Structure formats: structure tokens, C-alpha cells
Protein chains: 4
Amino acid sequence: MAEGSIAADELRLLIERIERLEEEKKAIADDVKDVYGEAKARGYDTKTMRMIVRLRKMDKNDRQEADALLEIYKAALGLE
Amino acid sequence: MAEGSIAADELRLLIERIERLEEEKKAIADDVKDVYGEAKARGYDTKTMRMIVRLRKMDKNDRQEADALLEIYKAALGLE
Amino acid sequence: MAEGSIAADELRLLIERIERLEEEKKAIADDVKDVYGEAKARGYDTKTMRMIVRLRKMDKNDRQEADALLEIYKAALGLE
Amino acid sequence: MAEGSIAADELRLLIERIERLEEEKKAIADDVKDVYGEAKARGYDTKTMRMIVRLRKMDKNDRQEADALLEIYKAALGLE
DNA sequence: ACGTTTGCGCTTTAGC
DNA sequence: GCTAAAGCGCAAACGT
């Protein structure tokens, strides 16, 4: 069944693209680990560093959240 | 205190490297989502595709062992 | 403005009811975790158990259909 | 195999306890939905309400996060 | 009613 | 090995 074979090839290509991207992603995650390792070697406390990264991300999210809330309120009150 | 500033700069650079890497990682994760979206548009079942990706990531032996254990548990519970 | 206060109280009560319910929900989720912990202590594989729970939740037909589709995809990719 | 049967019963009981708890959890989730439905019927904007619930939870979490950060800093600086 | 989008829960992974 | 956090998948909720 030719159609089945063609579809199988298409499916395989899609799967392989995904797997390739996930490998790249993992490589970057490893880079992150390396940076923490380097920081640790220079005497920094990585636990504190992780907390800082996390808080900075949260601050950003909170700001977006606040904006979203404002939009919702405006919509709820019929403002534009 | 000059020394403190230098250390602060160093720490800041490390933090920024990490944040930059995490942004890249997120971009790739978005690419993965796009590929699944494309697959869906072509009529593939993405849920099954995700399972395939997971299975291919596993070693063949691990996969067969996990499967065997699941069969044992299913039998114990009368699940068919 | 009395009317505003009354509405504010009403809203507040609704919010509190929701928060109370979500706390109860979380307590039960913790109980579930405890049972899995107990199972693990008795030597069961919790990962497989979770899979069993998921399978039992599915209708038998759905389960068999999902399984059949997975086999088709696996065959298309030569996964054994 | 008697031992297998006994284990099967034990496993079944654990699974059933989990399933029972998850039913309770679902019932509570449905209650939450009902409260939102009631609020909507009284003219409240549920999207805004959901945001409020979420923000209140976040505030609580943020406070705990801040406490954790303080502890980490103290530990990093050798304070007690 | 359907499709899209967001939020929630679970799974898995990383650190201790 | 265990606990905690991050990432992912699913499902409900909203808008069209």
C-alpha cells in the first residue's frame, strides 16, 4: 500500500524533527547546568542564584498578570 | 567597595547567561509545539505521536520490562 | 454606599467558599499521594499503578482504540 | 499461586482506595464549578473572580517564597 | 456547537 | 533515595 508508506515517511519525518528539537533543548539545559557549575566553582551559592532567577521570572510574570487583570476589569466595566 | 562591585558584576553576568539560555530553551519548546500543530493539521493523532516519542526515548529492554509489568498488573486486576 | 458593601460581602463569601473547597480538594490530593506512598513501601511499582488507574478510568472501547492506533504508528515507524 | 492472589487483592484494594479518593476530589471540583455558576447567575464576572482567587493564592505563595529566600540568604551568610 | 486558549494536575527530572 | 521544582499534557472554559 503506497499511500501507507508515504504517510509512514511523513510521520517519521515529523517525529524526527521533534526528536532533533528535543535534543537541542536538552543540550541547552546542560549548558545551564554548566553555568551553575561554573558559578559554584567561583564560590557563589547556587541555591541562592536559582532563587534569584526564579524571583526575577516571577516578577516578570506578576507584571504580566497585573496587566491582564487590568484588562479584565476594564472589559468587565465596559471600558475600552 | 570596588571588589564588591566586581563580584556583583560577575554574578550579574552569570545570571544573565542563565536567563538567556532559558529563553533559547523556551523558544525550542515552542518550535516543538509548532511541529505537533503541523502534524495535527495533516491529520495525525498527536497524543499517539507523543507516546511514540516517549517509547523511542526508552531503551528497548526498559520498554519491554515496563510493558511486561503492566501486563502483570492488568492481569491481577482483571483488566483487558 | 450600602448597596456596594452588600455586593462586596456577597462576592467575598463566594470567593471564600471557593477557596475553602479548593483546600479540601488539595487535602484529598495529599491523601492520594499517601496511598501511593504506602503502596511503594509495600513494594508496588507506583508508575505502573498510575497507568492502571488511568486505564481503568477510560472506557474499554476507547482503550482498545487508543491501543490499536498506537500499534499502527509503531508499525509505521518500525518500533517493536 | 496463593501468594499472587493475595498480592492481587492487596493491589486491588490500594487501587480502589485511590479511585475512591479521586471521585471525592472530582465531586469537590464540581462543587467549585457550581459556585462559579451561582456567581455568574448573580451577575458576577467569573473570569475576574478566577483571577482574584489566583492572585490571592499567589500572594500567599509569594510570601512563603520571600521567607524561604530570607532563610537561604541567612544560611549563605552563616547567620542563624 | 466548535475551535482556540488558558489554567490545572501529573510526570519527570534535578538537587540534596 | 527522597524531596522539591520545572516542564508537559490534558481538559475545561471562553469566545466565535
Side-chain angles (χ1 to χ4, degrees), chain A residues 18 21-22 25-26 28-37 39-40 45-55 57-58 61 64-65 68-69 71-72 75-76, chain B residues 18-19 21-23 25-33 35-37 39-41 45-54 57-58 62 66, chain C residues 18 21-22 25-26 28-30 32-34 36-37 40-41 43 45-54 57-58 62 66, chain D residues 18 21-22 25-26 28-30 32-37 39-40 45-55 57-58 61 64-65 68-69 71-72 75:
Chain A
I18 290 164
L21 287 167
E22 293 198 337
K25 202 174 60 175
K26 192 184 182 307
I28 293 175
D30 289 341
D31 289 345
V32 171
K33 279 183 68 173
D34 288 345
V35 178
Y36 276 115
K40 189 171 193 171
D45 180 70
T46 56
K47 191 170 175 182
T48 304
M49 283 180 64
R50 285 175 192 280
M51 185 66 84
I52 289 169
V53 170
R54 201 164 141 209
L55 288 174
K57 197 195 286 181
M58 274 181 45
N61 290 342
Q64 291 173 345
E65 204 82 54
L69 181 61
E71 290 308 312
I72 289 168
Chain B
I18 290 164
E19 288 174 339
L21 287 167
E22 293 197 339
E23 277 168 31
K25 201 172 63 172
K26 194 185 180 306
I28 293 174
D30 289 342
D31 288 346
V32 172
K33 278 184 69 173
V35 179
Y36 276 114
K40 186 175 190 170
D45 182 73
T46 56
K47 191 170 171 180
T48 304
M49 282 179 66
R50 288 174 192 279
M51 180 65 77
I52 291 287
V53 170
R54 204 190 303 168
K57 215 186 301 187
M58 289 173 70
D62 291 348
Chain C
I18 291 165
L21 286 167
E22 293 198 338
K25 201 172 61 171
K26 193 185 181 309
I28 294 175
D30 289 341
V32 172
K33 278 184 68 173
D34 289 345
Y36 277 114
K40 186 173 191 170
D45 181 73
T46 56
K47 190 171 171 179
T48 304
M49 282 179 67
R50 286 173 194 277
M51 180 65 79
I52 291 285
V53 170
R54 204 190 304 166
K57 215 186 300 188
M58 289 173 70
D62 291 348
Chain D
I18 290 164
L21 286 167
E22 293 198 338
K25 201 173 62 173
K26 193 186 181 306
I28 293 174
D30 288 343
V32 172
K33 278 183 66 174
D34 288 346
V35 179
Y36 277 113
K40 188 172 194 170
D45 180 71
T46 55
K47 192 170 175 182
T48 304
M49 284 180 64
R50 285 175 193 278
M51 183 68 82
I52 289 169
V53 170
R54 200 166 140 208
L55 289 173
K57 197 194 287 179
M58 274 181 45
N61 290 342
Q64 291 174 346
E65 204 83 50
L69 181 61
E71 290 308 311
I72 288 168

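Keep in mind that the numbers below use all heavy atoms, side chains included, and drop hydrogens, waters and symmetry copies. Note that the coordinates shown come from a computational prediction; the quantities given were computed from them, not determined experimentally. Within every chain, numbering begins at 1; the chains are lettered A, B, ... in the order of the sequence lines, protein sequences first and strands thereafter.
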Original post:
Considering only heavy atoms from C-beta outward, does the side chain of A:Glu65 approach that of D:Met51 to under 4.5 Å?
Top reply: yes
Original post:
Atom CD of A:Glu22 and atom P of E:dT12: how far apart are they, to the nearest Å?
Top reply: 14 Å
Original post:
B:Lys47 NZ to E:dT11 P: how many Å, rounded?
Top reply: 13 Å
Original post:
Just to confirm, is there a sub-4.0 Å distance from OP1 or OP2 of F:dA13 to any side-chain nitrogen or oxygen of D:Lys33?
Top reply: yes
**OP:** Take atom CE of A:Met49 and atom P of F:dA5, then tell me their distance rounded to the nearest Å.
**Re:** 17 Å
**OP:** Can you tell me the distance, in whole Å, between the CG atom of D:Asp30 and the C1' atom of F:dA12?
**Re:** 11 Å
Subject >> Closest approach of A:Leu69 to D:Leu55 (non-hydrogen atoms, all atoms of both residues) >> reply: CD2-CD1, 3.2 Å
Subject >> d(CD, A:Glu71; C1', E:dT5) in whole Å >> reply: 17 Å
Original post:
In whole angstrom, what separates B:Lys26's NZ from F:dA6's P?
Top reply: 15 Å
**OP:** Would you give the length of the straight line joining atom CD of B:Glu22 to atom CG of A:Asp31, rounded to the nearest 0.5 angstrom?
**Re:** 11.5 Å
Original post:
Can a side chain N or O of D:Arg50 be found less than 4.0 Å away from OP1 or OP2 on E:dG7?
Top reply: no
Original post:
Nearest nucleotide by nearest heavy atom, which residue falls closer to the 5' end of DNA chain E, A:Glu65 or C:Met51?
Top reply: A:Glu65
Original post:
Is the shortest side-chain N/O distance from D:Thr46 to OP1 or OP2 of F:dC14 below 4.0 Å?
Top reply: yes
Subject >> Nearest to side-chain heavy atoms of C:Lys40, which nucleotide of E:dT12, E:dC8, F:dC2 >> reply: F:dC2
Subject >> Nearest heavy atoms of A:Val53 and A:Tyr36, plus distance in Å >> reply: CG2-OH, 3.7 Å
**OP:** Report the distance from atom CD1 of D:Ile72 to atom P of E:dG15, rounded to the nearest whole Å.
**Re:** 15 Å
Subject >> Min side-chain heavy-atom separation B:Leu21-B:Lys25 under 4.5 Å >> reply: no
Original post:
Which nucleotide, F:dC10, E:dG15, F:dA5, lies nearest any side-chain atom of A:Arg54?
Top reply: F:dA5
**OP:** Can you tell me the distance, in whole Å, between the CG atom of A:Leu55 and the P atom of F:dA6?
**Re:** 10 Å
Original post:
Just checking C:Lys25: base, sugar-phosphate only, or nothing, at a heavy-atom cut-off of under 4.0 Å?
Top reply: sugar-phosphate
